[in-house]
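Input: a single structure, listed below in structure tokens.
In listed order, ligands and their atoms are each counted from 1. Just so you know, residue 1 is the first one in the sequence shown, and it goes up from there.
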Amino acid sequence: MKADSSRRRLVERLRGSFAWRGDRTDDRSRADVTGWWRDPGLLAELGPGLADSFREEAPTVVIGVESRGSLLGPLVALDLGVGFVEVRKDHPPLADSDVWLRRTTPPDYRDRHLGLGFPRRLLSGSDRVLLVDDWIDTGGQALGALGLVEDSGASWVGASVIVDSLESSEIRRRLNVRSLVRQRDLP
Ligand SMILES: O=P(O)(O)OC[C@H]1O[C@H](OP(=O)(O)OP(=O)(O)O)[C@H](O)[C@@H]1O
Ligand SMILES: Nc1ncnc2[nH]cnc12
């Protein structure tokens, strides 16, 4: 009962500080989520809210793709009492494959194939990895992150996101995505 009411309050806050750039449109790249970090009450609830979806699976580390993943991931990691790995996009050290794991993503929602990577020493075979992000759309970036985690030998737990607008249920299953809201819950 308490969980239901706090989930409802979270959805209301997400709706209240969400906006479109310009007129409301079906072009998701014009969704403006920046108000979500401006509301102190919402900011305080996002870490525990995103952590709750996977708490029972006991992840040992959170990863996030810059930049929204780097903003939200540490909030979730703090709540779970684990560390955080920042996945960089097209960063110069990606060239050094002895030190960095790297993967090129399938096309993302902007049709980009991004180079993702992080230093290989940051994950070990015993890690259970939770990806955190604000929005999953094509799943391209998350699939790139899944590839990196597989290359590291660690286990993938799932992806905890605020909004899920994936069209492919096969990708949702493969990534084990759990979300706080559906896009249709937003204004
Ligand atoms: O499911 P996909 O189609 O891969 O899209 C999802 C990703 O795209 C957005 O990041 P964006 O690249 O816009 O970067 P930003 O966080 O730096 O704004 C979002 O924060 C996710 O990380
Ligand atoms: N942050 C975001 N806002 C809107 N659409 C997106 N698709 C992927 N990321 C998004």
Side-chain angles (χ1 to χ4, degrees), residues 10-11 13-39 42-43 46-47 49-51 53-54 59 61-77 84-94 101-118 129-151 156-187:
L10 187 53
V11 172
R13 283 187 188 274
L14 288 166
R15 284 176 54 79
S17 43
F18 177 81
W20 292 96
R21 294 187 197 95
D23 292 336
R24 198 218 181 288
T25 161
D26 285 332
D27 176 1
R28 289 199 283 269
S29 65
R30 295 181 65 184
D32 178 7
V33 301
T34 54
W36 287 344
W37 346 122
R38 177 65 179 90
D39 171 348
L42 181 52
L43 189 62
L46 281 174
L50 288 164
S53 305
F54 283 95
V61 61
V62 170
I63 66 170
V65 178
E66 63 173 323
S67 62
R68 304 308 173 37
S70 306
L71 189 159
L72 292 169
L75 301 180
V76 177
F84 174 71
V85 171
E86 180 186 17
V87 180
R88 304 299 309 271
K89 285 176 180 160
D90 295 324
H91 196 246
L94 292 175
L101 288 169
R102 58 198 172 112
R103 279 273 184 154
T104 302
T105 67
D108 71 358
Y109 74 116
R110 292 195 164 126
D111 221 22
R112 297 169 301 185
H113 294 264
L114 295 165
L116 298 186
F118 57 80
V129 181
L130 175 65
L131 177 81
V132 168
D133 216 332
D134 63 331
W135 198 303
I136 189 159
D137 196 328
T138 64
Q141 294 186 32
L143 287 169
L146 171 62
L148 287 169
V149 169
E150 287 170 348
D151 292 347
W156 181 266
V157 172
S160 188
V161 300
I162 300 177
V163 187
D164 172 358
S165 59
L166 270 169
E167 282 173 12
S168 162
S169 45
E170 194 268 325
I171 293 178
R172 182 176 293 108
R173 246 192 325 275
R174 206 153 118 215
L175 292 167
N176 193 19
V177 176
R178 298 180 195 163
S179 63
L180 298 180
V181 290
R182 294 150 300 183
Q183 194 187 333
R184 66 172 179 272
D185 295 324
L186 297 173

**Request:** Please assess Glu66 against Lys89 for the test salt bridge (Lys or Arg N to Asp or Glu O under 4.0 Å), listing each intermediate value before the final yes or no.
**Result:** CA-CA 7 Å; Glu66 63 173 323; Lys89 285 176 180 160; over 6 Å; no
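Once rounded to the nearest 0.5 Å, the distance linking CD1 of Ile162 with CG of Leu42 reads 7.0 Å.
Using cut-offs of 30° and 60° on the angle between ring planes, the pair Phe18 and Trp135 is tilted.
Checked against salt bridge (Lys or Arg N to Asp or Glu O under 4.0 Å), Glu167 has no partners two or more places apart in sequence or in another chain. In terms of the salt bridge (Lys or Arg N to Asp or Glu O under 4.0 Å) criterion, residue partners of Arg172 (sequence neighbours excluded) are, by chain and number, Asp164.
Of the possible donor and acceptor atoms, one in the side chain of Arg15 sits under 3.5 Å from a partner among the backbone N and O of Asp185. No donor-acceptor distance shorter than 3.5 angstrom exists from the side chain of Ser70 to the backbone of Glu86, with no hydrogens or angles considered. In terms of modelled atom types and a separation under 3.5 Å, the side chain of Arg178 and the main chain of Ser53 share a donor-acceptor contact.
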Go ahead and list the nitrogen or oxygen contacts between ligand 2 and the protein that come in under 3.5 Å, distances to 0.1 Å, or just say none.
unit_1	atom_1	unit_2	atom_2	d
ligand 2	1 (N)	Arg68	NH1	3.3
ligand 2	1 (N)	Asp134	OD2	3.0
ligand 2	5 (N)	Arg28	O	3.0
ligand 2	7 (N)	Asp137	OD2	2.9

Extract all N/O-N/O pairs under 3.5 Å that connect ligand 1 to the protein, and present each with both atom names and the distance rounded to 0.1 Å.
unit_1	atom_1	unit_2	atom_2	d
ligand 1	1 (O)	Asp137	N	2.8
ligand 1	1 (O)	Thr138	N	3.1
ligand 1	1 (O)	Gly139	N	2.8
ligand 1	3 (O)	Tyr109	N	2.8
ligand 1	3 (O)	Thr138	N	3.0
ligand 1	3 (O)	Thr138	OG1	2.6
ligand 1	4 (O)	Gly140	N	3.4
ligand 1	4 (O)	Gln141	N	2.9
ligand 1	8 (O)	Gln141	NE2	3.4
ligand 1	12 (O)	Lys89	NZ	2.9
ligand 1	12 (O)	Arg112	NH2	2.6
ligand 1	12 (O)	Gln141	NE2	2.9
ligand 1	13 (O)	Tyr109	OH	2.5
ligand 1	13 (O)	Arg110	NH1	3.4
ligand 1	14 (O)	Lys89	NZ	2.9
ligand 1	16 (O)	Ser67	N	3.3
ligand 1	16 (O)	Ser67	OG	3.0
ligand 1	16 (O)	Arg68	N	3.2
ligand 1	17 (O)	Ser67	N	3.4
ligand 1	17 (O)	Ser67	OG	2.9
ligand 1	20 (O)	Asp133	OD1	3.2
ligand 1	20 (O)	Asp134	OD1	2.5
ligand 1	22 (O)	Asp133	OD1	3.3
ligand 1	22 (O)	Asp133	OD2	2.5
ligand 1	22 (O)	Gln141	OE1	3.3

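Heavy-atom minimum distance, His113 versus Pro107: CE1-CD, 3.4 Å.
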